[in-house]
Amino acid sequence: HWGYMTTNGPSTWGKDFPIANGERQSPIDIVTTAAEYDSDVLGSNALSTNYTPESEVKLVNNGHSIMCQITKKGVLTGGPLGKDEYRLEQFHLHWGAEDNRGSEHTVDGKMYASELHLVHWNASKYSSFADAVQKPDGLAVLGIFITPGVACNQFKVISDNCGKLKTSGAEMTVDTTLDPTLLLPSNTSDYWTYLGSLTTPPLFESVTWIVFKEPVEYSKEQLLALRNLVDSDGNHMQDNYRPPAALKQRKVKKTFT
Ligand SMILES: NS(=O)(=O)c1ccc(O)c(NC(=O)NCCCCO)c1
Ligand SMILES: [Zn+2]
């Protein structure tokens, strides 16, 4: 089964998932000087999130990451998404064994300690996540860089429960509220955006990526909690990130000068 070890990691995925070498794969290295400022598409209608706080938190160790399944109606609109409404489905993370690596997107070659992905599907055009996941305009994912610093209070419900989700397949519901809005950086106006893919198999080329420039801080303890999770092979879930793929014939746009 695919994973992140030498024997089943990103360099082997092309065997079972030939799209791994496709024209719009993710993540990518964001070369800041090559990104194009595009005022009309991006400037006119600002990216907007309208999330409903979760009244309980459903956490799953899916063998590749820790995922929070969203049950409330949360909507992402605007920016590069045109008139379509994208519904929040889940969020999860990728991280390293040490603070010097772990993000999937890089910025001028810089890797962050972790990257949070808020996954949305196009509810204006499709009937479910499963229906949207293979469509070229099916998904929109918000990428948030994580850097070591002060604790993120809204992330505590996840980091404080990693110990109870050690094994692959483990699920739990925590009876507390969580507002996904509070997982976002304070500046949500400055971001890069480009057309890409899922960063794990099946690597479908269905994602409009929106990567925020401003990182969010998690404490050392919160990052350590992620590294103590166990994956589907019984190893510590660490370095569960795909390295950058080729940009090929794509342009990265940015909303800031
Ligand atoms: N990293 S990502 O691009 O934001 C991303 C967003 C949504 C996804 O559905 C996946 N991948 C996925 O679901 N793979 C199926 C098996 C996983 C657990 O069994 C990756
Ligand atoms: Zn992801």
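Numbering of ligands and ligand atoms starts at 1, following listing order.
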Minimum heavy-atom distance Ser65-Asn240, with the two atoms named: CA-ND2, 4.0 Å
Can you check which of [options] brings a heavy atom nearest to [atom]?
| atom | options | result |
| --- | --- | --- |
| atom 5 (C) of ligand 1 | Leu198, Leu116, Val60 | Leu198 |
| atom 1 (N) of ligand 1 | Leu203, Val207, Thr199 | Thr199 |
| atom 2 (S) of ligand 1 | Arg242, His92, Glu104 | His92 |
| atom 17 (C) of ligand 1 | His120, Gln90, Glu89, His64 | His64 |

I need the contact type for Ser65 against ligand 1. Using non-hydrogen atoms and a strict under-4.0 Å cut-off, is it side chain, backbone, both or neither? neither
Heavy-atom distances under 4.0 Å decide this one: backbone, side chain, both or neither, for Trp209 against ligand 1? side chain
If we check side chain to side chain donor-acceptor pair (under 3.5 Å) with His94, which of these qualifies: His64, His105, His117, Glu115?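 The option that passes is His117.
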Give me the one residue out of Asn122, Thr49, Asp137 that meets side chain to side chain donor-acceptor pair (under 3.5 Å) with Tyr86.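 Between Tyr86 and the candidates, side chain to side chain donor-acceptor pair (under 3.5 Å) is satisfied uniquely by Asn122.
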Of all N/O/S atoms in His117, which lies nearest to the Zn ion (ligand 2)? ND1
Just wondering, do [Y] and [X] contact through their side chains at under 4.5 Å, heavy atoms?
| X | Y | value |
| --- | --- | --- |
| Ile70 | Glu89 | no |
| Leu116 | Val216 | no |
| Pro185 | Asn187 | no |

Salt bridge or not between Asp84 and Lys125? Use side-chain N to carboxylate O under 4.0 Å.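 Salt bridge flag = no for Lys125 with Asp84.
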Salt bridge or not for Lys248 and Glu23, using N-O below 4.0 Å?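 Yes, charged N to carboxylate O under 4.0 Å.
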Within rounding of 10°, what is the angle whose vertex is the Zn ion (ligand 2) and whose arms end at NE2 of His94 and NE2 of His92? 110°
Check for a donor-acceptor pair, side chain of Trp2 on one end and backbone N or O of Thr12 on the other, with a separation under 3.5 Å. no
Whether the Glu214 and Ser186 side chains hold a donor-acceptor pair (N or O, under 3.5 Å, no angle test) is what I'd like checked.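 Yes, Ser186 and Glu214 have a side-chain donor paired with an acceptor closer than 3.5 Å.
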Sub-4.0 Å protein heavy atom next to atom 11 (N) of ligand 1: yes
Please could you name the atoms of ligand 1 that His94 approaches to less than 4.0 Å, counting only its heavy atoms?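 Selected atoms, number and element: 1 (N).
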Within ligand 1, which atoms have a heavy atom of Phe129 less than 4.0 Å away?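 What qualifies from ligand 1 is 9 (O).
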Looking at atom 14 (N) of ligand 1, what's its closest protein heavy atom, distance included?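 That would be Pro201 O, 2.9 Å.
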Compute the shortest N/O to N/O distance between Thr200 and ligand 1 and return yes if it is under 3.5 Å, no if not. yes
If we only count N/O pairs under 3.5 Å, is Leu139 in contact with ligand 1? no
Against ligand 1, does Ser26 come closer than 4.0 Å with any heavy atom? no
